[in-house]
Every structure is written in C-alpha cells, then in structure tokens.
Engineer: 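Below is the structure I would like to discuss, written out as structure tokens.
Whatever order the structure lists them in is the order used to number ligands and atoms, beginning at 1. For clarity, every value in this text was computed on a predicted model and none was experimentally measured.
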Amino acid sequence: MNEPLRIGIAGLGTVGASVARLLHSKSNSLTHKCGRPITVTGVTARDRAKDRGFDMTGIEWFDTPTELAASDNIDVFVELVGGENGAAFDSIHAALENGRHVVTANKALLAKHGLELAVIAEKKGLILNYEAAVAGGIPIIKTMRESLAANEPSRVYGILNGTANYILTRMERDEISFEECLADAQRLGYAEADPTFDVEGQDTAHKLAILTSLAFGTKVAADEIYIEGISNITLADIHAARELGYRIKLLGVALRTATGIEQRVHPTMVPLGSMIGQVDSVTNAVAIEADTVGSLLLSGPGAGGNATASAVIGDIADIAKSQPGRQEAPVFGRPAHELEPYQRAEISSHAGGYFIRLTVHDRTGVFASLAGHMANNGISLASIVQHGSSKDGSTDTKTVVLVTHETTESDISNALEAVLGDGHLVSKPQVIRIEPAG
Ligand code: NAP
Ligand code: HSE
C-alpha cells in the first residue's frame with residue numbers, strides 16, 4: 001500500500017466538517033480511486049469543545065491555522081476558514097512557504113490574493129486547488145483550466161451565488177419577503193459569514209474574477225467589476241418580468257468586447273424559456289461560449305456542506321494521484337507570470353436590451369415625454385406596457401414598463417435623465433439589463 005496522504009483541515013464549519021465526515025465515510029472508495037489512503041492528521045477551528053459530528057480520536061488539534069500549516073505531519077493544507085485576509089491568508093501563505101499543497105474554497109481570498117499565491121505555488125512546484133471556490137459542487141474550474149484547452153472563450157456568464165438565487169426563487173414562488181428568504185438561506189448554511197456579500201453581489205464578483213482570468217488568460221481583476229446586488233428587487237419587478245417573458249437572476253458576466261473585457265454583476269432579465277432561466281433555488285449554472293466547443297452550460301448545487309465538500313475532496317484526490325516532480329496545470333490555466341493585464345470595458349459602453357419600470361403621475365403628456373426622450377437618444381422600444389392605476393398619497397400613479405431593443409448604457413442614462421427632468425416620475429426608475437441566454 002502506498003503512503004497515506006496526510007490532510008490538515010483549518011475550519012470545521014459547514015464545509016470543513018462535511019469534508020472531514022466524508023473523508024471518513026468514503027475512505028475505502030477514495031483509497032481505491034487514488035491508490036493511497038487519505039488521512040486527516042490535524043484540524044483547527046475556534047471552538048475546540050464543539051461537536052463536529054466526527055470522531056477526532058488520533059487527530060491532532062492545533063490552536064491556529066498557521067500552526068497547522070507549519071506542521072510536519074501534513075502533506076496538504078485545506079483552508080475552510082474564510083475571509084480574504086487574516087487567518088486564511090496567513091495560513092495559506094505559511095503552508096506554501098512550508099512546501100505544502102493547498103486546497104481552498106475561499107473565493108474572496110483568491111479574488112484578492114490569488115495571483116500572488118499562484119506565483120508562490122508555481123515557483124515551489126506546489127498545487128493550489130480551489131474547485132469549491134466557484135459554483136460549489138460544479139466542476140467548473142477543472143473544466144475551464146484543463147478540459148477547454150482547445151478553446152478561446154468569448155463570453156462566460158452564470159448564476160454564481162446560491163443564496164441570491166434561492167432568495168429570488170422563493171420570492172417568486174412563495175411570495176415571501178426578502179428578509180425571510182435570507183434567514184432560511186443562512187439556516188441552511190448557504191450564506192457567507194457576512195450575507196451582504198451574497199445579496200449585494202460581492203460573492204458573485206469574487207467568483208466572476210476567477211472565471212474571467214481562466215477564460216481570457218488575464219490577471220485576476222476583482223476591483224474592476226461593475227456590481228449591483230438584488231436588495232432593491234421587488235415583487236413588482238418579478239411580476240412584471242414574468243408578464244413580459246423573463247425571469248430575474250443575479251448574473252455574473254464576463255464578455256470580450258472590441259474595447260476590452262466587461263466584467264459585471266447585476267440583477268438580469270433572462271428569457272423565461274432559457275435553460276439558465278429555469279435554474280432555481282440554491283442551484284448554480286455557468287455558461288461558456290467558446291470558439292471550438294460552441295456553448296456549454298454546467299449546472300448543479302452551488303452551496304451547502306456536502307456539495308461544496310464534494311469539490312474540495314475532488315481537489316484532494318487530484319493531489320493524492322499527482323506524481324512528485326510532474327508539472328501540474330498552472331493555478332489559473334497558464335503560468336501566473338504569463339497572465340496578461342486586464343483591460344476593462346466600461347459599463348457605459350455596454351450594449352444590450354433594457355427593462356425599465358417607471359412609476360409615473362397619471363397625467364397627459366407622460367407617454368409622449370417617455371417616447372420622445374427615448375427616440376431622441378436613438379433608443380428603439382420593443383414593448384411598452386401600462387399597468388392599472390394606483391394611489392400614491394394624494395396622487396394617481398401608473399406603472400409603465402418599457403423594454404428596449406439593443407442600445408447602450410450611456411443612451412439609457414441620458415434618456416432617463418431627460419425623463420426625470422420633465423417631472424413625470426414619482427420615484428427613481430428601476431433599470432434591469434437583459435442578457436441574451438441559451
Ligand atoms: P463557516 O461555517 O462559518 O465555518 C468557518 C470555520 O472556520 C468554523 O469552523 C470556525 O470555527 C473556523 N474559524 C473561523 N475563524 C477562525 C480562526 N481565526 N481560526 C481558526 N478557525 C477559524 O464557513 P463555511 O460556510 O464552512 O465556509 C468556509 C469557506 O468555504 C469560506 O471561504 C466560504 O466562502 C467557502 N464556501 C462556502 C460554501 C457554503 O456553502 N457554505 C460554499 C462554497 C465555498 P468555529 O466553528 O469554532 O467557530
Ligand atoms: N454564499 C455562497 C453562495 C456559498 O450562497 O453561493 C457558495 O460559494
């Protein structure tokens with residue numbers, strides 16, 4: 001029998017405890033698949049007394065992740081603590097410096113420090129695997145890093161946050177409040193330690209930054225992403241979307257354009273009948289459009305203990321099967337020092353269709369004003385729908401929903417500024433971009 005692969009797990013929460021439990025319950029089949037046993041030799045978390053649902057007999061406890069990372073009794077350091085800096089960063093850095101392979105699910109950390117850590121790992125001939133960091137259980141990193149080597153992607157987009165998709169799905173299906181849906185997602189272990197990361201789009205942005213680098217061979221550029229979250233999406237938007245043949249999804253989109261690469265995260269109208277439009281609840285989906293293969297869509301559970309542990313254990317198994325001294329796939333698909341600088345395409349030049357929901361005073365001239373300003377800015381309307389009267393304080397108001405043909409973001413902004421100037425609007429317009437989707 002070959003030598004066991006010794007694992008140190010930092011973080012025994014939703015994901016870490018699932019990894020430890022599955023490594024134990026699936027040890028026989030993993031040994032057969034990897035040709036050697038995989039043994040947890042060290043763990044750390046904050047609370048030593050907490051029951052984690054697995055037997056810790058024979059497993060050494062460490063007081064800090066950095067002490068575990070420095071242990072000579074591990075071959076692989078598995079970071080499941082979370083956070084872009086602090087204990088997670090210090091311990092991964094220490095593990096690599098100490099010559100240990102690393103597996104992490106930490107997209108926040110990779111979005112900020114991925115390049116720096118990739119440089120260290122590649123220089124030292126170590127593996128830095130992070131399948132669970134993007135789209136939970138979906139094997140998207142391996143797919144993009146290895147299986148699509150014959151491709152130059154032109155667009156990558158997806159539902160990358162389970163919590164946000166769970167909230168949007170339940171708001172639509174069960175007509176319950178945003179807050180109630182979020183509390184359920186937290187209870188189910190989907191949400192980040194700070195759930196504003198889920199609902200305000202930062203978590204999707206962290207994942208998108210990683211996918212963009214893999215797709216286009218550019219340096220990870222998380223600070224260059226245009227971000228809008230879902231906290232201002234209302235049931236009125238969801239109902240209007242459905243009436244017009246769309247559903248609202250929080251998408252991350254990376255697109256190569258003539259002026260650079262667009263990276264954007266925002267609530268998006270996708271066609272009701274599209275495959276991505278039918279991806280519900282905590283399920284994630286990633287679509288890739290590329291020159292050789294055409295279009296791909298991978299979907300599966302994006303969060304939760306076992307789904308995420310499945311990806312973490314796949315990464316550990318790859319290390320168990322790796323041959324010492326053999327060149328492994330570079331961390332971001334090509335050597336870190338060969339990644340190109342990221343060239344940003346501004347959101348103002350984004351071209352696409354738009355959904356615009358307006359609450360207007362019910363009086364003569366409103367439609368003429370709307371139509372006039374749209375036409376003056378070269379915007380062609382695909383549809384215009386007026387909903388029944390509603391009373392807003394002492395004023396009669398109406399809801400008007402416009403859907404445009406392809407135009408630019410700057411034309412939309414200019415037209416709406418002019419509409420606002422005419423004084424017909426009761427509140428700020430709700431503008432949601434439309435994304436063509438298969
Ligand atoms: P979690 O349930 O909050 O668990 C975090 C663990 O880290 C806990 O065991 C905690 O200890 C430990 N910890 C926190 N700070 C520590 C420190 N300074 N020193 C030692 N231990 C520390 O988080 P999680 O949901 O498992 O997420 C872990 C990572 O996976 C994050 O990067 C997250 O973004 C990522 N991820 C999560 C999911 C998911 O569905 N949950 C999916 C994909 C990726 P105590 O238990 O003692 O408090
Ligand atoms: N909070 C994240 C989500 C976990 O809801 O998708 C998976 O990365």
Engineer: Any salt bridge linking Lys107 with Glu192? Criterion: basic side-chain nitrogen under 4.0 Å from a carboxylate oxygen.
Structural biologist: yes
Engineer: Going by atom types alone, do Ser71 and Asn73 pair a side-chain donor with an acceptor below 3.5 Å?
Structural biologist: no
Engineer: Counting each atom of ligand 2 from 1 as listed, which ones have a heavy atom of Glu192 under 4.0 Å away?
Structural biologist: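 Result: 1 (N), 2 (C), 4 (C).
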Engineer: Which residue and non-hydrogen atom of the protein lie closest to atom 42 (C) of ligand 1, and at what distance in Å?
Structural biologist: Thr308 OG1, 3.2 Å
Engineer: If you scan the protein for heavy atoms around atom 11 (O) of ligand 1, do you find one that is closer than 4.0 Å?
Structural biologist: yes
Engineer: Is it the case that the side chain of Glu131 and the backbone of Ile141 share a donor-acceptor pair, with hydrogens and angles ignored and the cut-off at 3.5 Å?
Structural biologist: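 Looks like yes, one N/O pair under 3.5 Å.
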Engineer: To the nearest 0.5 Å, tell me how far Asn306 CG sits from Thr14 OG1.
Structural biologist: 11.0 Å
Engineer: Nearest to atom 5 (O) of ligand 2, what protein heavy atom do you find, and at what distance?
Structural biologist: Thr163 OG1, 2.6 Å
Engineer: For atom 36 (N) of ligand 1, what's the nearest protein heavy atom and its distance?
Structural biologist: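 So the nearest neighbour among protein heavy atoms is Lys107 NZ, 3.6 Å.
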Engineer: Among protein heavy atoms, which lies nearest atom 18 (N) of ligand 1, and at what distance?
Structural biologist: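 In this structure, atom 18 (N) of ligand 1 has Ala87 CB, 3.7 Å as its nearest protein heavy atom.
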Engineer: Would you compute the distance between atom CD of Glu175 and atom NE2 of His239 and round it to the nearest 0.5 angstrom?
Structural biologist: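 Going from the CD atom of Glu175 to the NE2 atom of His239 covers 3.5 Å.
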Engineer: Looking only at N/O atoms, are Gly302 and ligand 1 under 3.5 Å apart anywhere?
Structural biologist: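 By distance alone, the answer is no.
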Engineer: From Glu262 CD over to Arg256 CZ, what is the distance, rounded to the nearest 0.5 angstrom?
Structural biologist: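 That separation rounds to 12.5 Å.
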Engineer: Would you confirm whether Thr268, through its side chain, and His266, through its main-chain N or O, come within 3.5 Å as a donor-acceptor pair?
Structural biologist: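 Pair found, side chain donor or acceptor close to backbone of His266.
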Engineer: What protein heavy atom is closest to atom 8 (O) of ligand 2, reported as residue, atom name and distance in Å?
Structural biologist: Lys107 NZ, 2.5 Å
Engineer: Please report whether ligand 2 has a polar contact with Ala191, defined as an N or O pair separated by less than 3.5 Å (distance criterion only).
Structural biologist: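 In fact, backbone or side chain, Ala191 has no N or O that close.
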Engineer: Counting both backbone and side chain atoms, is some N or O of Tyr190 under 3.5 Å from an N or O of ligand 1?
Structural biologist: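 By distance alone, the answer is no.
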Engineer: Should you measure from each heavy atom of Asp203, which atoms of ligand 2 turn up under 4.0 Å away?
Structural biologist: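 In order of numbering, the contacting atoms are 2 (C).
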Engineer: Take every heavy atom of Thr64, measure it against each atom of ligand 1, and state whether any distance is under 4.0 Å.
Structural biologist: no
Engineer: Is there a polar contact, in the sense of an N or O pair closer than 3.5 Å, between Val15 and ligand 1?
Structural biologist: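 Checking ligand 1 against Val15, an N or O pair does fall under 3.5 Å apart.
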Engineer: In the protein, which heavy atom is nearest to atom 30 (O) of ligand 1, and how far is it?
Structural biologist: Ala105 CB, 3.6 Å
Engineer: Hey, what do you get for OH (Tyr226) to CD (Glu346), rounding to the nearest 0.5 Å?
Structural biologist: 11.5 Å
Engineer: Would the distance check show the side chain of Arg52 and the main-chain N or O of Leu12 forming a donor-acceptor pair, the cut-off being under 3.5 Å?
Structural biologist: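 Yes: the side chain of Arg52 pairs with the backbone of Leu12.
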Engineer: Taking atom types as modelled, find out whether Asp237 and Thr234 have a side-chain donor-acceptor pair closer than 3.5 angstrom.
Structural biologist: yes
Engineer: Pick one of side chain, backbone, both or neither for how Asn284 approaches ligand 2, counting any non-hydrogen atom pair under 4.0 Å.
Structural biologist: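 Answer for Asn284: neither.
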Engineer: Between Thr44 (side chain only) and Phe62 (backbone N and O only), is there a donor and an acceptor less than 3.5 Å apart?
Structural biologist: yes
Engineer: Can you name the atoms of ligand 1, numbered from 1 with element, that are less than 4.0 Å from a heavy atom of Leu80?
Structural biologist: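 The atoms of ligand 1 under 4.0 Å from a heavy atom of Leu80 are 5 (C), 6 (C), 7 (O), 28 (C).
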Engineer: Does ligand 1 have any atom that is closer than 4.0 Å to a heavy atom of Arg48?
Structural biologist: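 It does not, in that no heavy atom of Arg48 comes within the 4.0 Å cut-off of ligand 1.
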Engineer: Gly189 versus ligand 1: do any nitrogen or oxygen atoms come within less than 3.5 Å of each other?
Structural biologist: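 Between Gly189 and ligand 1 (N or O atoms, distance only) the closest approach is under 3.5 Å.
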Engineer: Given side chains that start at C-beta, do those of Arg433 and Tyr354 come closer than 4.5 Å, heavy atoms only?
Structural biologist: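 Sidechains of Tyr354 and Arg433: in contact.
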Engineer: Where the closest heavy atom to atom 33 (C) of ligand 1 is concerned, which of Glu84, Glu192, Glu131, His206 has it?
Structural biologist: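 Shortest heavy-atom distance from atom 33 (C) of ligand 1: Glu192.
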Engineer: For atom 7 (C) of ligand 2, what is the closest protein heavy atom, and at what distance to 0.1 Å?
Structural biologist: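 So the nearest neighbour among protein heavy atoms is Gly302 O, 3.3 Å.
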Engineer: For ligand 1, is any non-hydrogen atom under 4.0 Å from Pro65's backbone (N, CA, C, O), its side chain (CB onward), both, or neither?
Structural biologist: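 Side chain only; the backbone of Pro65 stays clear of ligand 1.
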Engineer: Does a donor on one side chain and an acceptor on the other come within less than 3.5 Å for Asn106 and His206?
Structural biologist: no
Engineer: Counting from 1, what ligand 1 atoms have a heavy atom of Gly82 closer than 4.0 Å?
Structural biologist: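 Numbered from 1, ligand 1 contributes 31 (C), 32 (O).
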Engineer: Gly13 versus ligand 1: do any nitrogen or oxygen atoms come within less than 3.5 Å of each other?
Structural biologist: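 Yes; at least one N/O pair falls below 3.5 Å.
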Engineer: Please determine if Asp198 has a nitrogen or oxygen closer than 3.5 Å to a nitrogen or oxygen of ligand 2.
Structural biologist: yes
Engineer: Under 4.0 Å from ligand 1, counting heavy atoms only, is it the side chain of Ala303, its backbone, both or neither?
Structural biologist: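 For Ala303, backbone and side-chain atoms both sit under 4.0 Å from ligand 1.
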Engineer: Is atom 23 (O) of ligand 1 close to the protein, meaning a heavy atom under 4.0 Å from it?
Structural biologist: no
Engineer: Can you tell me how the ring of Phe89 sits relative to the ring of His93, calling it parallel under 30°, perpendicular over 60° and tilted otherwise?
Structural biologist: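 Phe89 and His93: tilted rings.
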Engineer: May I ask you to decide if Tyr342's main-chain N or O and Glu224's side chain share a donor-acceptor pair within less than 3.5 Å?
Structural biologist: no
Engineer: Go through ligand 2 atom by atom and flag the ones less than 4.0 Å from a non-hydrogen atom of Gly162.
Structural biologist: 3 (C), 5 (O), 6 (O)
Engineer: Please list the nearest protein heavy atom to atom 48 (O) of ligand 1 with its residue and the distance rounded to 0.1 Å.
Structural biologist: Arg46 NH2, 2.9 Å
Engineer: Numbering the atoms of ligand 1 from 1, which are under 4.0 Å from a heavy atom of Ala132?
Structural biologist: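 Matching atoms, with element in brackets: 43 (C), 44 (C).
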Engineer: If the cut-off is 4.0 Å to any non-hydrogen atom of Leu12, which atoms of ligand 1 fall inside it?
Structural biologist: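 Ligand 1 atoms under the 4.0 Å threshold to Leu12: 6 (C), 8 (C), 9 (O).
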Engineer: Can you confirm, on distance only, whether ligand 1 has an N/O atom lying under 3.5 Å from any N/O atom belonging to Thr44?
Structural biologist: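 In fact, backbone or side chain, Thr44 has no N or O that close.
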Engineer: How close does the nearest protein non-hydrogen atom get to atom 46 (O) of ligand 1, and which residue and atom is it?
Structural biologist: Arg52 NH1, 2.7 Å
Engineer: Which of the numbered atoms in ligand 1 are below 4.0 angstrom from a heavy atom of Val81?
Structural biologist: 5 (C), 7 (O), 13 (N), 14 (C), 15 (N), 16 (C), 22 (C)
Engineer: What I'd like to find out is whether the side chain of Arg264 reaches to under 4.5 Å of the side chain of Glu409, using heavy atoms alone.
Structural biologist: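 No, too far: nothing below the 4.5 Å cut-off.
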Engineer: Is any side-chain heavy atom of Ile248 closer than 4.5 Å to one of Phe355?
Structural biologist: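 No. Closest side-chain heavy atoms not under 4.5 Å.
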Engineer: For ligand 1, indicate whether the residue Glu67 contacts it via side chain, backbone, both or neither (heavy-atom separation under 4.0 Å).
Structural biologist: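 It is neither part, as no heavy atom is under 4.0 Å.
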Engineer: How far is atom 47 (O) of ligand 1 from its nearest protein heavy atom, and which residue and atom is that?
Structural biologist: Asp47 N, 2.7 Å
Engineer: Is the shortest side-chain heavy-atom distance between Glu328 and His101 below 4.5 Å?
Structural biologist: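 No, their side chains stay 4.5 Å or more apart.
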Engineer: Could you tell me whether Asp72 and Arg100 make a salt bridge, using a distance below 4.0 angstrom between a side-chain N and a carboxylate O?
Structural biologist: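 Looking at Arg100 together with Asp72, the answer is yes, because their closest N to O distance falls below 4.0 Å.
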Engineer: Taking only heavy atoms of Lys50, which atoms of ligand 1 are found under 4.0 Å from at least one of them?
Structural biologist: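 Once the distances to Lys50 are compared, the set is 46 (O).
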Engineer: In terms of residue, atom name and distance, what is the protein heavy atom nearest to atom 2 (O) of ligand 1?
Structural biologist: Thr14 N, 2.9 Å
Engineer: Go through the steps for Thr64 and Thr66 under the test side-chain hydrogen bond (donor to acceptor under 3.5 Å, both in side chains), then give the verdict.
Structural biologist: CA-CA 5 Å; Thr64 68; Thr66 305; 4.9 Å; no
Engineer: At a 4.0 Å threshold, what atoms of ligand 2 neighbour a non-hydrogen atom of Tyr190?
Structural biologist: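 Taking each heavy atom of Tyr190 in turn, ligand 2 has 1 (N), 2 (C), 3 (C), 4 (C), 5 (O) under 4.0 Å.
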Engineer: For Tyr166 and Tyr190, take the angle between the two ring planes, folded into 0 to 90°, and tell me which bin it lands in: parallel under 30, tilted 30 to 60, perpendicular over 60.
Structural biologist: perpendicular
